[in-house]
2 protein chains.
Amino acid sequence: MLDPVSRVRRFNRAVTSAVGALDTSFLGRGRPLGAARVLNAIGHGRTDVADIRDYLGLDSGLMSRLLRSLEDEGVVETHAHEDDARRRVAKLTRTGRREFAAYEALSNAQAESFLAKHSQRDALLAAMDMIASALTRERVALTEMDPQSDEARYCLGEYYAELGRRFKQGFDVSLSRDPDAKDMRRPRGTFIVAMSDTLPIGCVGLKGTDHGYAEIKRLWVAPAARGLRLGRRLMDATEDAARRLGIALLRLDTNSALPEAGQLYRTTGWREIPRFNDDPYPDLFFEKQL
Amino acid sequence: MLDPVSRVRRFNRAVTSAVGALDTSFLGRGRPLGAARVLNAIGHGRTDVADIRDYLGLDSGLMSRLLRSLEDEGVVETHAHEDDARRRVAKLTRTGRREFAAYEALSNAQAESFLAKHSQRDALLAAMDMIASALTRERVALTEMDPQSDEARYCLGEYYAELGRRFKQGFDVSLSRDPDAKDMRRPRGTFIVAMSDTLPIGCVGLKGTDHGYAEIKRLWVAPAARGLRLGRRLMDATEDAARRLGIALLRLDTNSALPEAGQLYRTTGWREIPRFNDDPYPDLFFEKQL
DNA sequence: GAAAATCTCTGACTAAAGTCAGGTAATGCT
DNA sequence: AGCATTACCTGACTTTAGTCAGAGATTTTC
């Protein structure tokens with residue numbers, strides 16, 4: 001009962017029955033589960049029939065029939081794809097959007113009622129984030145995004161908050177806020193966000209300079225996503241992006257109060273170099289030739 | 001993407017697809033899921049047909065057919081119940097036990113491979129415990145157990161460990177180890193463990209004395225299960241048990257380093273009284289008339 | 001000791017999900 | 001231009017899950 005395997009299995013049991021309840025609640029709108037799932041996939045922005053089929057793991061025959069039944073019902077319309085008339089694109093009709101909204105309301109209500117039952121909301125949410133990240137870690141998508149997008153700003157906010165907690169002297173955000181944004185856009189640099197489903201769980205910036213190297217800045221991984229080697233993936237992706245931008249030399253600075261970071265750099269081909277800027281926070285400096 | 005409801009829904013999505021994978025893996029033994037579930041329920045000690053039916057939420061006709069198919073396969077035998085010949089009792093044959101063991105091995109292997117993928121094992125397990133407790137909180141069973149049972153000892157071990165962390169001066173286990181066990185058995189007292197599925201997540205002892213009152217000792221709730229009002233349920237159950245044992249007056253001691261406990265007592269009809277023992281750890285004393 | 005209730009089983013269904021083998025039209029490749 | 005490939009559709013089928021009414025045996029209740 002106390003060994004790790006039993007604990008995982010207990011979790012599986014608990015979650016299996018909860019998921020069953022979730023599923024059956026989707027039956028309340030007079031539509032079989034399969035059709036409801038297709039409708040919701042379309043509502044969530046999956047329009048390509050092949051994409052939906054793949055996402056839901058359906059046979060093409062079955063998928064076709066489910067789509068047909070949704071069309072007959074008047075909630076979905078399909079058209080040929082613009083660029084390739086073999087492919088079909090599905091979209092919701094007005095009625096379809098109403099139905100989708102009803103499913104969304106149902107899901108939101110369930111989530112809210114779950115949250116309302118528990119007083120330790122923050123701890124529970126943190127635990128859920130962690131497990132969701134672990135379960136979907138093969139599906140974490142690293143995407144280049146604008147450093148001023150909502151996702152990027154969320155990550156940066158969390159990043160600064162964490163620096164504030166970890167540095168003995170605190171961390172003054174105003175010092176480093178946004179002036180770098182323009183250097184972290186193509187073609188000078190880039191900004192990469194790791195998205196797990198809809199939640200940003202990590203980021204890194206590549207900041208172009210005029211000194212013959214680019215800098216890696218603001219590497220952050222959400223606490224809930226640590227242990228998934230996401231830092232390494234983010235660094236790899238940044239190095240790839242740098243190579244594609246024709247950058248041959250990378251530098252970065254960090255602080256010895258963040259030992260995981262130093263550890264990561266040391267084991268991935270970075271070598272320590274002398275201080276190369278006068279920023280007050282960092283006390284460790286690295287360089288890597290691409 | 002950042003609001004609590006979205007986070008819960010992200011968790012639901014992540015877990016739904018994981019559970020789907022778990023389910024389909026049970027199909028690898030040439031038996032439909034329904035039959036596999038019945039076989040596993042029997043393997044886990046549910047022998048009464050009505051009990052299994054209830055647990056799996058099956059119609060009696062369907063249940064009957066599933067049982068029959070398992071019998072035809074030679075993995076299950078049924079007999080009439082000893083005391084009531086209308087009821088049937090199912091048990092595994094030798095082949096059945098082998099099949100059950102294969103399912104168990106599969107589940108264990110899956111749990112292990114999940115754990116092996118993640119470096120933050122302890123944090124992940126704690127998160128899983130927390131969520132499993134939250135999901136199954138309606139199904140937490142409070143059971144009277146021997147204070148020296150494995151479950152009770154696990155709880156007590158965790159309890160002492162926590163006291164050690166929370167008391168400034170630490171906590172010396174040897175002082176309070178086991179001498180009370182005999183006073184926490186019927187008819188002098190009792191010991192109640194809160195079980196969530198197979199995991200003990202809380203406990204409380206009722207210790208009989210010869211001074212005209214009984215003491216409540218060792219109230220503990222697992223960190224993963226806090227916020228579920230389990231402490232209150234444990235106290236209620238103990239008071240009920242005390243009433244059934246004919247005890248009219250309860251006392252307890254606690255420490256101001258455990259503010260949740262003091263808070264609980266104050267809001268549930270206990271009144272503070274002067275020190276009534278010379279135990280070095282407690283600094284707060286309460287009494288309640290039943 | 002008769003009537004009511006309980007437990008399981010059987011027969012006769014239905015609905016949903018899934019499989020498989022073509023078929024049609026569009027597209028890609030040489 | 002011709003052939004292979006791709007994307008989707010259709011028809012014909014099977015399996016699984018589930019429902020419902022009633023039968024048969026047994027136990028409980030009065």
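Values below: all heavy atoms of this structure, side chains included; hydrogens, waters and symmetry mates excluded. Throughout, a chain's letter reflects where its sequence line sits, starting with A, and its residues are numbered from 1.
A salt bridge links A/Arg243 to A/Asp240: one of the charged nitrogens lies within less than 4.0 Å of a carboxylate oxygen.
For the pair B/Leu67 CG and C/dT10 C1', the computed distance is 14 Å after rounding to whole Å. Per the geometry, CG belonging to A/Leu27 stands 11 Å off P belonging to D/dT19, to the nearest Å. In this entry the distance linking CZ of B/Arg68 with P of C/dT8 reads 11 Å, nearest Å. Between B/Asp23 atom CG and D/dT16 atom P there is a gap of 15 Å when expressed in whole angstrom units. Taking atom CZ of A/Phe26 as the reference point, atom P of C/dA16 lies 17 Å away to the nearest angstrom. In this entry the distance linking CG of B/Asp54 with P of C/dT6 reads 15 Å, nearest Å. Separating the CG atom of A/Leu66 from the C1' atom of C/dT19 is a distance of 14 Å, rounded to the nearest angstrom. With rounding to whole Å, B/Asp59 atom CG is found 17 Å from C/dT14 atom P.
Nucleic acid contact for A/Arg65: base, since at least one base atom lies under 4.0 Å from a heavy atom of the residue. No contact: A/Arg37 has no heavy atom under 4.0 Å from any strand.
When each of A/Gly61 and A/Pro32 is assigned the nucleotide of DNA chain C with its nearest heavy atom, A/Pro32 is the one assigned upstream, toward the 5' end.
Cation-pi check for A/Arg46 over A/Tyr55 is met; the charged atom lies under 6.0 angstrom from the ring centroid and within 45 degrees of its normal.
Between A/Leu92 and A/Leu39, some side-chain heavy-atom pair lies under the 4.5 Å cut-off.
Across every non-hydrogen atom of A/Pro4 and B/Arg121, the tightest pair is CG-NH2, 3.0 Å.
Of the candidates C/dT19, D/dG18, D/dA17, the closest approach to any side-chain atom of A/Leu62 belongs to C/dT19. The listed nucleotides are C/dC20, C/dA17, D/dC8; the one nearest the side chain of A/Arg53 is D/dC8. For B/Ser64, whose side chain is taken as the heavy atoms from C-beta onward, the closest listed nucleotide among C/dG18, C/dC9, D/dT19 is C/dC9.
Of the N and O atoms on the side chains of A/Ser133 and B/Arg10, at least one donor lies less than 3.5 Å from an acceptor on the other residue. A/Ser6 and A/Asp3 share a side-chain donor-acceptor pair at under 3.5 Å.
Taking every heavy atom of residues 69-90 of chain A and every atom of DNA chain D, pairs under 4.0 Å involve A/Arg86, A/Arg87, A/Arg88, by number.
Counting only distance, with no hydrogens or angles, the side chain of B/Ser64 and the backbone of B/Ser60 share no donor-acceptor pair below 3.5 Å.
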